[in-house]
Amino acid sequence: MIQSLRGMNDILSEDFERFEYFLATASTIAKRYGFHYIETPLLEETALFKRSVGESSDIVGKEMYQFTDKGENDVCLRPEGTAGVVRAFVQHKLDKKGGIHRFYYHGPMFRYERPQKGRLREFHQFGVESFGVDSVYEDALMIMMVADILKSLGIGYRLKLNSLGDQNCMPAYREKLVSFIESCGDEICGDCLRRKSTNPIRVLDCKNEHCQNLYVNAPKLINNLCEGCQSDFDTLKTILEQHNIGYEIDTNLVRGLDYYSKTAFEFVSDNIGSQSAIAGGGRYDRLIEFLDGKPTPAVGFALGIERLMELIVMPEQQREGYYFGAMDAEAITPVLLAAEKIRRTQKAVVEYEPRSLKAHLKGADRINARYCAVIGENELANNTIWIKDLVEKTESVIPLNELF
RNA sequence: GUGGGUGUAGCUCAGUCGGUUAGAGCAUCAGGUUGUGGUUCUGAGGGUCGUGGGUUCGAUCCCCAUCACCCACCCCA
């Protein structure tokens with residue numbers, strides 16, 4: 001038997017209903033906030049991700065599905081969605097056009113990781129990117145949108161917030177941090193030693209207990225923000241409070257992608273195991289110029305759909321449409337014709353095998369149909385069809401030509 | 001990439017201290033006297049016990065490998 005690749009799943013029937021429900025809910029909300037759908041390729045030039053996500057990140061460093069195609073191009077399956085959207089934004093010269101551009105997207109992402117709960121090699125994200133808005137209000141909008149989506153789906157969460165600073169305060173802070181790390185001498189772990197030169201901020205994120213103990217007194221970025229970053233961060237907190245969105249400041253929240261600056265946030269759930277991040281995002285004002293565009297402020301977020309799946313509270317399913325069945329082999333012809341008529345406006349499912357009335361009622365029940373429509377001996381003789389409303393428990397026999 | 005766990009019916013799982021025809025519940029299908037469901041009763045079908053080797057007179061059970069899944073580390077959505 002040929003199986004799907006490791007960490008790559010089929011999504012069928014019941015699961016897909018949830019999936020579809022999620023997409024419908026999230027898309028509706030994104031549109032309501034003024035965002036437009038954008039579809040970008042699953043396959044992109046490898047350089048795109050190296051320059052955006054960053055070579056120091058694990059994603060690019062060891063998790064990409066990278067290969068050379070038949071035209072000798074170094075390509076890879078997208079590990080995340082932002083890079084492609086920014087590439088499209090620049091390629092279509094929207095940066096030069098100016099103004100505000102707001103996009104949402106959803107689709108599969110690929111990361112070569114060891115699968116576990118909430119972590120797949122092919123997984124799906126729903127994301128949003130906003131270009132051209134400098135204001136923190138847009139950062140707040142992002143967070144409000146995620147909160148809105150999660151609320152609509154009946155999902156509880158905790159929101160973690162941090163500011164990563166910008167070009168003014170980050171370099172100075174980085175220096176401060178590096179000298180602090182150096183003061184720890186060789187007590188730090190190997191990973192931290194490496195991060196010290198590649199991406200020092202990430203040491204704060206270290207899961208090693210010994211390191212964490214060393215870093216309690218590390219300088220915190222939050223205390224070293226420049227005036228602009230500080231006032232934006234304060235404003236953001238105020239807006240969230242005004243909108244009744246609870247948050248906790250997490251000074252160790254460092255997004256794993258290199259392109260973030262200023263606002264960084266993460267929504268986590270305590271009910272889905274160790275892969276608890278259900279949404280993450282932030283501001284990335286420098287990314288557009290990294291990808292050869294005109295400097296343009298930008299913010300975005302991405303939601304991990306699979307991680308939300310088991311948390312989604314679905315609305316109760318109503319009985320819907322028709323179930324058609326024949327009690328005699330000869331009755332199948334009028335049954336098919338009747339079903340075709342109904343199908344112009346409603347759902348109609350036909351059982352081809354002649355069965356007892358009881359069996360048909362069971363069948364109708366199983367597919368959660370509202371009506372069970374059957375043609376047997378009596379109906380066949382009179383050109384009628386017997387229809388039972390499974391909710392009202394009423395039944396009627398009507399002439400076939402009066403079927404709407 | 002590292003560590004631990006699990007693979008028996010469509011699903012959830014028993015089980016055999018190695019020994020004849022491998023079980024249950026749910027699901028499916030059929031019946032409970034003439035054409036009435038979602039709650040009953042009876043019965044039936046369905047398994048090369050993940051795959052490949054090895055030990056043995058004999059393996060679903062023990063050993064090795066392999067694959068898949070699960071959980072955690074790590075990473076992140």
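Numbered from 1 within each chain, the chains take letters A, B, ... in sequence-line order.
Here the separation of B/G10 from B/G45, taken at their P atoms, is 15 Å to the nearest Å. One C1' atom belongs to B/C69, the other to B/U28, and the distance between them is 26 Å to the nearest Å. On the C1' atoms, B/G38 is 24 Å away from B/U34, given to the nearest whole Å. When the P atom is used for both B/U60 and B/A22, the distance is 11 Å, rounded to whole Å. B/C74 sits 33 Å from B/C13 when the C1' atoms are compared, rounded to a whole Å. Nucleotides B/A9 and B/A44 are separated by 14 Å at their C1' atoms, to the nearest Å. Of the P atoms belonging to B/C11 and B/G18, the separation is 28 Å, rounded to the nearest Å. Here, B/U8 and B/U55 have their P atoms 27 Å apart, quoted to the whole Å.
Side chains of A/Val133 and A/Val299 form no contact here, defined as non-hydrogen atoms less than 4.5 Å apart. Residues A/Trp386 and A/Ile375 fail the side-chain proximity criterion, which asks for heavy atoms closer than 4.5 Å. Counting heavy atoms from C-beta on, the side chains of A/Ile149 and A/Leu303 come closer than 4.5 Å. No side-chain heavy atom of A/Ile143 sits under 4.5 Å from any side-chain heavy atom of A/Ile239.
Atom CD of A/Gln318 sits in a sparse spot, with 12 or fewer heavy atoms from other residues, nucleotides or ligands closer than 6.0 Å. Counted within 6.0 Å of CD on A/Gln91, heavy atoms from surrounding residues, nucleotides or ligands total more than 12; the atom is thus considered enclosed. The number of heavy atoms from other shown groups lying within 6.0 Å of CD (A/Glu377) does not exceed 12.
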Close N or O pairs between protein and nucleotides 44-53 of chain B (under 3.5 Å):
none

Atom pairs under 3.5 Å: protein N/O with N/O of nucleotides 1-4 of chain B:
from	atom 1	to	atom 2	distance (Å)
B/U2	O4	A/Arg114	NH1	2.7
B/G3	O6	A/Arg114	NH2	3.0

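For B/C76, neither phosphate oxygen OP1 nor OP2 lies less than 4.0 angstrom from any side-chain nitrogen or oxygen of A/Arg111. Close to B/C73, at under 4.0 Å from its OP1 or OP2, lies a side-chain N or O of A/Ser274.
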**Prompt:** When every nucleotide of nucleotides 27-36 of chain B is labelled 5' to 3' by its protein contacts under 4.0 Å (heavy atoms), B for base, S for sugar-phosphate only, - for none, what sequence of letters results?
**Reply:** -SSS-B--BB

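Note on A/Gly7: only backbone sugar-phosphate atoms sit closer than 4.0 angstrom, heavy atoms only; bases stay farther off. Residue-level contact check: A/Ala364 touches neither bases nor backbone, having no heavy atom under 4.0 Å from any strand. Heavy atoms of A/Lys393 sit under 4.0 angstrom from at least one base atom.
A/Glu310 has its CD atom 14 Å from the C1' atom of B/A77, to the nearest Å. Put simply, CE on A/Met8 is 12 Å from P on B/A68, counting in whole angstrom units. Following rounding to the nearest Å, A/Phe267 (CZ) and B/A77 (C1') show an atom-to-atom distance of 13 Å. Here the P atom of nucleotide B/A77 and the CE atom of A/Met142 are 16 Å apart, to the nearest Å. Distance A/Leu303 CG to B/C76 C1': 14 Å, rounded to the nearest Å. Counting to the nearest Å, the P atom of B/G37 and the OH atom of A/Tyr323 are 14 Å from each other. Remark: C1' of B/C76 and CD of A/Glu122 are 17 Å apart, rounded to the nearest angstrom. Following rounding to the nearest Å, A/Leu159 (CG) and B/A77 (C1') show an atom-to-atom distance of 15 Å.
Taking the six-membered ring where the residue is Trp, A/Phe131 and A/Phe89 present parallel rings, their angle staying beneath 30° rather than reaching 60°. Between A/Phe267 and A/Phe265, the ring planes are perpendicular. Angles over 60° get that label, and only those under 30° would be called parallel.
Under the 3.5 Å distance criterion, with hydrogens and angles disregarded, a donor-acceptor pair is assigned to the side chains of A/Gln116 and A/Ser274.
Both A/Ser4 and A/Glu306 lie near RNA chain B, and the one whose nearest nucleotide falls closer to the 5' end is A/Ser4.
Taking the six-membered ring for Trp and the full ring otherwise, the centers of A/His106 and A/Phe22 sit at least 6.0 Å from each other. Aromatic ring centres of A/Tyr37 and A/Tyr104 lie closer together than 6.0 Å.
Between A/Asp389 atom CG and A/Thr394 atom OG1 the span is 4.5 Å, to the nearest 0.5 Å. Considering CG of A/Leu390 and CG of A/Leu361, their distance stands at 6.5 Å, rounded to 0.5 Å. The CD atom of A/Glu306 sits 10.0 Å away from the CG atom of A/Asp15 when rounded to the nearest 0.5 Å.
Distance alone, capped at 3.5 Å, places no donor-acceptor pair between the A/Asp74 side chain and the A/Thr68 backbone.
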**Asked** In dot-bracket form, how is RNA chain B paired, counting a Watson-Crick or G-U wobble pair only if both its distances are under 3.5 Å and using | for bases paired to another strand?
**Response** (((((((..((((.....[...)))).(((((.......))))).....(((((..]....))))))))))))....

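At a non-hydrogen distance threshold of 4.0 Å, A/Gln275, A/Ala277, A/Ile278, A/Ala279, A/Gly280 from residues 275-284 of chain A come into contact with RNA chain B.
Put simply, the residue from A/Arg111, A/Glu122, A/Arg121 that forms a side chain to side chain contact (heavy atoms under 4.5 Å, CB included) with A/Tyr65 is A/Arg121.
Listed by chain and residue number, nothing satisfies the ring-ring contact (aromatic ring centres under 6.0 Å, His included) test with A/Tyr105 (two or more places apart in sequence, or in another chain).
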